[in-house]
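Nothing here was measured: the structure is a model prediction, and the numbers come from that model. The figures that follow rest on heavy atoms only: side chains count, while hydrogens, waters and symmetry mates do not.
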Amino acid sequence: MTNPTRPAPEPGILLRLTGPLQSWGRLSHFNERDTAPFPTRSALIGLLACALGRHREEPIDDLTTLTLTIRTDRPGIPLRDLHTVGGGLPPRATVTTAEGKKRTGDTTTLLTHRTYLADAAFTAALTPTPQTPDGLLNDAAEALIHPRWPLYLGRRSCPPEGPLLLGTSDDALHHLVHLPIAAPPPRAHQHTPIAFTSDQPLSRLPAPAHHTTANDTDGDTPAGQINDQPETFHPRRRSYRARTAYHRSLHLPPTQYAGLGTPQLHTLAAYTTTHLTHPESSPR
């Protein structure tokens, strides 16, 4: 059950991850490109590296020390799209085979399937560990305001909608629990719990006892492993390793649901202005 002692506050960055389409590849293989049901560590670390202007061959050891915790506001709807690659091109421009040759004739066109999440919304907290270098959170927050390169939600075809950086806080997980939810209020007797996912035990969430679900544990039991801890993004030797995943669900109050569109953005802006710190160069 929930520990009655409130967990120690953790500083961190709070992000809003929403857009018409998102895609967080987890088991993608050749022509099949899937999506995880929530943003992955590799994608969020890649997003920070992109904002900071790091090339793919540059080290990311400092970024991988950050802890990622995701709140699913709206899980979205899976969307599967069919793409063709290589068709109608001259032989020298077609897809290269495993033997290093070019495809010819009827083999020049390849079919690929790509899966997306449509109309999904997530709130994320990035918090440091003892290994995180001093100043990294501030540098990352500034970079998210003025990114070196365009940012995207898993794939380049998925730009973020509206504010991406919500702000910083000395108690990021508290605000991850209490920030307005980007979803309509639940109907009576249909109060679906809000899911949280993290790479660290979720007893760290400062959740009031009345928010816990009937079968809730403290989130300290691993729910499985996900192969999304990046070791390098180098184009020729990109590699990842498995990490432990933790899940927890909470019943958050109906008043916390802020709806959709402009009303939700106004509610969110009022909360972040009151409770979060914004980098000096960020819009208010």
Side-chain angles (χ1 to χ4, degrees), residues 15-52 54-61 63-86 95-96 98 110-126 140 144 147-161 164 195-200 222-247:
L15 304 177
R16 175 179 179 266
L17 305 169
T18 185
L21 293 176
Q22 308 181 33
S23 190
W24 311 101
R26 185 172 63 176
L27 301 173
S28 297
H29 188 68
F30 296 110
N31 294 345
E32 292 291 332
R33 304 291 177 176
D34 75 336
T35 180
F38 46 79
T40 58
R41 272 187 61 79
S42 57
L44 267 294
I45 290 169
L47 184 143
L48 291 182
C50 183
L52 290 162
R54 296 192 189 179
H55 294 275
R56 289 185 178 272
E57 61 272 14
E58 291 187 61
I60 54 171
D61 296 348
L63 299 177
T64 60
T65 65
L66 296 172
T67 286
L68 172 64
T69 306
I70 299 287
R71 187 186 79 182
T72 299
D73 290 19
R74 298 195 310 272
I77 301 170
L79 174 67
R80 196 164 189 253
D81 196 13
L82 173 67
H83 288 240
T84 59
V85 180
V95 178
T96 304
L110 298 180
L111 299 180
T112 69
H113 293 93
R114 306 182 188 185
T115 307
Y116 301 86
L117 297 177
D119 196 35
F122 304 94
T123 305
L126 287 161
L144 289 167
R148 174 72 179 276
W149 296 306
L151 305 179
Y152 48 89
L153 304 179
R155 292 203 184 115
R156 291 187 180 90
S157 59
C158 303
E161 162 201 295
L164 177 63
F196 292 80
T197 304
S198 182
D199 46 43
Q200 297 294 322
Q225 288 193 326
I226 302 176
N227 193 48
D228 70 346
Q229 173 71 348
E231 295 183 324
T232 176
F233 291 132
H234 194 290
R236 293 189 181 87
R237 46 186 176 85
R238 186 181 306 177
S239 64
Y240 307 88
R241 59 180 173 83
R243 55 91 174 176
T244 303
Y246 297 87
H247 299 309

Assess the residue pair L17 and L153 against the criterion (side chain to side chain contact (heavy atoms under 4.5 Å, CB included)); give the C-alpha distance rounded to whole Å, side-chain angles, the decisive distance to 0.1 Å, and a yes or no. CA-CA 7 Å; L17 305 169; L153 304 179; 4.0 Å; yes
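Annotation for A242 and N227: closest pair N-OD1, 3.1 Å, computed over non-hydrogen atoms. Between S23 and Y116, the closest heavy-atom pair is CB-CD2, 3.8 Å. Across F122 and L117, no two heavy atoms sit closer than the pair CZ-CD1, 4.0 Å. Here the shortest heavy-atom pairing between P150 and C50 reads O-SG, 3.4 Å. Of all heavy-atom pairs spanning A124 and I70, the tightest one is CB-CD1, 3.5 Å. Across every non-hydrogen atom of W24 and G154, the tightest pair is CZ3-N, 3.6 Å.
Side-chain atoms of P230 and Y240, non-hydrogen and from C-beta on, do get closer than 4.5 Å to each other. Within the 4.5 Å cutoff, no side-chain heavy atoms of D73 are placed close to those of T18.
Within the structure, salt bridge (charged side-chain N to carboxylate O under 4.0 Å, His left out) pairs that include any residue of residues 238-247 comprise D228-R243, E231-R241 (at least two apart or interchain).
Taken to the nearest 0.5 Å, the CZ atom of R41 stands 8.5 Å off from the OG atom of S198. The CZ atom of F38 lies 13.0 Å from the CD atom of Q22; values are rounded to the nearest 0.5 Å. Interatomic distance, L63 CG to F233 CZ, rounded to the nearest 0.5 Å: 8.5 Å. To the nearest 0.5 Å, the span separating CG on L144 from CG on L47 amounts to 6.0 Å. The OG1 atom of T64 lies 11.0 Å from the CG atom of L48; values are rounded to the nearest 0.5 Å. Here Y246 contributes atom OH and D199 contributes atom CG; the two are 9.0 Å apart, rounded to the nearest 0.5 Å.
The side-chain contact (heavy atoms from CB on, under 4.5 Å) with Q200 is formed by just one residue from the set T67, T244, L68; it is T67.
Looking at residues two or more places apart in sequence or on another chain, you find a side-chain contact (heavy atoms from CB on, under 4.5 Å) between T232 and H234, R237, S239.
The closest donor-acceptor contact from the side chain of R148 to the backbone of R54 lies at 3.5 Å or more, if one exists at all. Judged by distance alone, the side chain of S42 and the main-chain N or O of Q229 form no donor-acceptor pair under 3.5 Å.
Using a cut-off of 4.0 Å between Lys/Arg side-chain N and Asp/Glu carboxylate O, E161 and R16 are scored as salt-bridged.
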